[in-house]
Amino acid sequence: MAREAMKLIANNKKAYHDYFIEEKYEAGIELKGTEVKSMRMGKASIKEAFIRIEQGEMYIYGMHVSPYEKGNIFNKDPLRIRKLLLHKYEIRKLVGKISEQGYTIVPLELYFKEGRAKIEIGLAKGKKLYDKREDIAKKDLRREHEREFKIRNL
């Protein structure tokens, strides 16, 4: 993926803290007119969002897109349910995986790619408390090593 053609709107750092991300998929989002303008201004959030598959189609719940200031009557509900656009075989594959114990689908990043709004979703397995503690310990150790390296090279 070329990072130059992408404009990041929102990301979900908490997902990496709470889950092991095993696979990533890119999906389109079905948006209404003023939502796109609002997203171009960076007024969207996926922190509280979650994804469900219903009747062979994928939907994102809790994604907040702020109303566009100049949108007046054309603005939609900021928290409305939005359809995600994936190929049928990808959805079937994900249905098979999330039927296994402990798997879920989480939104990771929201961005524009070649003028179209895309969302990166991840097939995730929940972390236990001891996994989270282990990750925090690794991060602290890495920071400590970077600090020592910086002091040595001054």
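When reading the values below, keep in mind they use all heavy atoms of this one structure, side chains included, and skip hydrogens, waters and symmetry mates. Keep in mind it's a predicted model, so treat the numbers as computed, not measured.
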### Query
Is Leu123 close to Ile98 at the side-chain level, that is, under 4.5 Å between some pair of heavy atoms?
yes

### Contacts of type salt bridge (Lys or Arg N to Asp or Glu O under 4.0 Å), residue Lys37, not counting sequence neighbours
none

### Message
If the test is side chain to side chain contact (heavy atoms under 4.5 Å, CB included), which one of Ile105, Ile91, Ile119 qualifies with Leu84?
### Response
Ile119

### Task
Starting at CD of Glu120, measure out to NZ of Lys24 and round the result to the nearest 0.5 Å.
5.0 Å

### Summary
Of all heavy-atom pairs linking Ala27 and Leu86, the shortest is CB-CD1, 3.1 Å

#### Entry: Arg40 backbone acceptor or donor facing Lys7 side chain under 3.5 Å
yes

### Task
Is it possible for you to say whether Tyr25 and Met63 belong to one hydrophobic cluster, with membership spreading through side-chain heavy-atom contacts below 4.5 Å?
yes

### Query
CZ/Phe20 to OH/Tyr103 distance, rounded to the nearest 0.5 angstrom?
11.0 Å

#### Entry: ILVMFWY cluster, Tyr111 and Leu85 together (side-chain gap under 4.5 Å)
no

### Task
Spell out, yes or no, whether Ile9 and Leu108 are grouped together once hydrophobic residues are joined by side-chain heavy atoms under 4.5 Å, including indirect joins.
no

### Query
Shortest non-hydrogen contact from Ile21 to Ala15?
CD1-O, 4.3 Å

### Message
Would you compute the distance between atom NZ of Lys47 and atom CG of Asn12 and round it to the nearest 0.5 angstrom?
### Response
8.0 Å

### Message
For Asn11 versus Glu109, what's the shortest heavy-atom pair and its separation?
### Response
CB-CG, 3.9 Å

### Query
How about Glu48: does its CD atom have over 12 heavy atoms from other parts shown lying under 6.0 Å from it?
no

#### Entry: Minimum heavy-atom distance Met39-Ala117, with the two atoms named
CE-CB, 4.2 Å

### Message
Is there a continuous path of hydrophobic side-chain contacts, each under 4.5 Å between heavy atoms, that joins Ile121 to Val95?
### Response
yes

### Query
For the residue pair Leu110 and Ala44, what are the closest heavy atoms and their distance?
CD2-CB, 3.7 Å

### Task
Kindly indicate whether the side chain of Met58, heavy atoms from C-beta on, has any atom under 4.5 Å from the side chain of Glu90.
no

## Note on the structure
Applying salt bridge (Lys or Arg N to Asp or Glu O under 4.0 Å) to Lys43 and not counting sequence neighbours gives Glu69

### Message
Same cluster or not: Phe50 versus Ile81, using hydrophobic residues (I, L, V, M, F, W, Y) connected whenever any side-chain heavy atoms lie under 4.5 Å apart?
### Response
yes

### Query
So do the side chains of Ile51 and Pro107 get within less than 4.5 Å of each other, counting heavy atoms only?
yes

### Task
Could you tell me whether Lys125 and Glu22 make a salt bridge, using a distance below 4.0 angstrom between a side-chain N and a carboxylate O?
no

### Non-hydrogen side-chain atoms of Tyr16 and Val106 separated by less than 4.5 Å
no

#### Entry: Lys/Arg N to Asp/Glu carboxylate O, Glu35 vs Arg82, below 4.0 Å
yes

### Query
How about Glu57 and Lys83: do any of their side-chain heavy atoms sit closer than 4.5 Å?
yes

### Message
I'd like to know if Glu144 and Arg147 make a salt bridge, using a cut-off of under 4.0 Å between side-chain N and carboxylate O.
### Response
yes

### Query
Counting only heavy atoms not in Glu54, do more than 12 sit closer than 6.0 Å to its CD atom?
yes

